[in-house]
Amino acid sequence: LIDRFEIEVLPSHKPTSAKRERMALKSLTRLLGGLPVADVNSTQAWVYRSQRFAEKMAPATVHFELRLLSRVVRHAMMAWGLILANPVVRGTLPKLTAKHERWLTADELGRVVGAAPPYVARVLTFAVETGLRINEVCHLSWHQVDLKRGELKIGEQKNGKLSVLPLSSLALETVQIAWQTAAAPRLAEGPIFLNGWQSWTESALRAAFYTAVRKAGVPACRFHDLRHTFATRLVQAGVDLYTVQRLGRWSSYDLVQRYG
């Protein structure tokens, strides 16, 4: 069933989601010993949980993998007409602690950007001015930006909807500098921000960000915290939460209430 789920269902998911799910399916297959899903019971699901914790996996990772196993079983029952018992029962899923939302103060942000090389500083500045996620920044192409109108076109990760967003003066200036200093031909489908002659990868950009954070002597934070900083600064400037939701492209109003 896991192989069938991977072949028939994952291709319909967004690439970023499918990549994570595929990795989780590999772990499930490896530790469940190739057993048919129909033969996996709640005891074996609990053993799987224990094995993953023994491998030093985070509770969130184990939680995701077991929920995916549950989804595979539910899909097999609803879409394929199979009669199965869901092995992921109450108590199997590890408890998750609430995440602490971190945002950078103006001083912290200035120190991090100042500690980064110019080509990295531009990416960090654009990220915090637009609230883009790291994968969106890495894959941002010239055809998505209208320099004359000062607008950015970005596709939603989950529903594929295209959003047209205004660029702040600093974000627009950052893109204009990237245009003027591009080390490679500026192709319509080419990336705006480059790591030398290459496109940024998420891992390389995270590493560059962590290096700047460490040099700046700023308390630990993640690249994604630039997105939290984007929203927090809007709220502090008096922007209402519905507008923050639209500009940050959060899927629901509930997700932005934490910034209120």
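Numbering starts at 1 and runs along the sequence shown.
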How many angstroms lie between CG in Leu1 and CH2 in Trp80, if you round to the nearest 0.5 Å? 6.0 Å
Can you tell if the side chain of Thr130 reaches within under 4.5 Å of the side chain of Ile154, non-hydrogen atoms only? no
Would a distance-only check, ignoring hydrogens and angles, find a side-chain to backbone donor-acceptor pair under 3.5 Å from Ser50 to Trp46? yes
Could you tell me which residues satisfy salt bridge (charged side-chain N to carboxylate O under 4.0 Å, His left out) with Arg214, sequence neighbours excluded, listed by chain and number? none
Any non-hydrogen side-chain atom of Leu68 less than 4.5 Å from a side-chain atom of Phe5? yes
Determine the sole option in Leu165, Leu172, Val164 for which the side-chain contact (heavy atoms from CB on, under 4.5 Å) test with Glu151 is passed. Val164
Could you list the donor-acceptor pairs under 3.5 angstrom formed by side chains in residues 104-121, with sequence neighbours left out?
from, atom 1, to, atom 2, distance (Å)
Thr105, OG1, Glu108, N, 3.1
Asp107, OD2, Arg111, NH1, 3.0
Glu108, OE1, Arg102, NH1, 3.0
Glu108, OE1, Thr105, N, 3.0
Glu108, OE2, Arg102, NH2, 3.4
Arg111, NE, Ala216, O, 3.4
Arg111, NH2, Ala216, O, 3.0
Arg111, NH2, Gly217, O, 3.1

What distance do Phe193 atom CZ and Ser141 atom OG have between them, rounded to the nearest 0.5 Å? 11.5 Å
Point-to-point distance, once rounded to the nearest 0.5 Å, from CD of Glu65 to OH of Tyr48: 3.5 Å
Check the pair Arg222, His228 against side chain to side chain contact (heavy atoms under 4.5 Å, CB included), reporting the backbone distance first and the verdict last. CA-CA 10 Å; Arg222 308 163 302 161; His228 297 315; 3.5 Å; yes
Would a distance-only check, ignoring hydrogens and angles, find a side-chain to backbone donor-acceptor pair under 3.5 Å from Thr243 to Val239? no
Do any side-chain atoms of residues 200-207 form donor-acceptor pairs under 3.5 angstrom with protein atoms, and if so which ones, sequence neighbours left out?
from, atom 1, to, atom 2, distance (Å)
Trp200, NE1, Leu194, O, 3.3
Thr201, OG1, Ser203, OG, 3.3
Thr201, OG1, Ala204, N, 3.1

Going by side chain to side chain contact (heavy atoms under 4.5 Å, CB included), name the residues that satisfy it together with Ser42, two or more places apart in sequence or in a different chain. Val89
Arg249 with Glu136: basic N within carboxylate O range, under 4.0 Å: yes
Can you confirm whether Leu162 sits close enough to Lys153 that some side-chain heavy atom of one is under 4.5 Å from a side-chain heavy atom of the other? yes
Ile7 side, atom CD1; Ile2 side, atom CD1 - distance, nearest 0.5 Å: 12.0 Å
Yes or no on side chain to side chain contact (heavy atoms under 4.5 Å, CB included) for Arg67 and Val88, after CA distance, side-chain angles and deciding distance? CA-CA 7 Å; Arg67 287 198 63 180; Val88 183; 5.9 Å; no
For Lys19, give me all partners under side chain to side chain contact (heavy atoms under 4.5 Å, CB included), at least two apart in sequence or on another chain. none
Report, as yes or no, whether the 6.0 Å neighbourhood of atom CD on Glu55 holds more than 12 heavy atoms from other residues, nucleotides or ligands. yes
Looking at Phe64, is Arg20 sitting on its ring face, NZ or CZ under 6.0 Å from the six-membered ring centre and within 45 degrees of the normal? yes
Does the distance from a Lys or Arg side-chain N to an Asp or Glu carboxylate O, for Glu21 and Arg71, drop under 4.0 Å? yes
Output yes when Glu129 and Arg233 qualify as a salt bridge under the 4.0 Å nitrogen-oxygen rule, no when they do not. yes
Work out which heavy atom in Trp250 is nearest to a heavy atom in Ala231; give both atom names and the distance. CH2-CB, 3.6 Å
Polar contact flag, side-chain donor to acceptor under 3.5 angstrom, Arg74-Ser70: yes
Ignoring hydrogens, what is the shortest heavy-atom contact between Leu32 and Gln44? Give both atom names and the distance. CD2-O, 4.4 Å
Using side chain to side chain contact (heavy atoms under 4.5 Å, CB included) as the criterion, list what pairs up with Met23, not counting sequence neighbours. none
Grouping I, L, V, M, F, W and Y whenever their side-chain heavy atoms are under 4.5 Å apart, do Trp179 and Val145 come out in a common cluster? yes
Taking it one step at a time, do Trp103 and Asp225 satisfy side chain to side chain contact (heavy atoms under 4.5 Å, CB included)? CA-CA 5 Å; Trp103 56 275; Asp225 292 328; over 6 Å; no
What heavy-atom pair brings Val62 and Phe53 nearest, and what distance separates the two atoms? CG2-CE2, 3.7 Å
Is the side chain of Asp146 donor-acceptor paired with the backbone N or O of Arg149 at a distance under 3.5 Å, no angle test? yes
Would you say that Thr174 contacts Leu167 through its side chain, given a criterion of any heavy-atom pair below 4.5 Å between the two side chains? no
Do Tyr210 and Lys215 have side chains that get closer than 4.5 Å, going by heavy atoms? no
Point-to-point distance, once rounded to the nearest 0.5 Å, from CG of Asn86 to CE of Met77: 5.5 Å
Hydrophobic cluster membership, with links at side-chain heavy-atom distances under 4.5 Å among I/L/V/M/F/W/Y: are Val137 and Leu147 in one? yes
Value rounded to 0.5 Å, distance of CG in Leu69 from OG in Ser27: 12.0 Å
How about Phe126 and Leu140: do any of their side-chain heavy atoms sit closer than 4.5 Å? yes
Should Tyr242 and Leu234 be regarded as members of a common hydrophobic cluster, given that ILVMFWY residues are connected when their side-chain heavy atoms come within less than 4.5 Å of each other, either directly or indirectly? yes
Report yes if some heavy atom in the side chain of Phe230 is under 4.5 Å from a heavy atom in the side chain of Leu247; otherwise report no. yes
Show your reasoning for whether side chain to side chain contact (heavy atoms under 4.5 Å, CB included) applies to Phe223 and Leu124. CA-CA 9 Å; Phe223 189 95; Leu124 303 184; 3.7 Å; yes
Quick one: does any side-chain atom of Ser17 pair with a main-chain N or O of His13 as donor and acceptor, under 3.5 Å? no
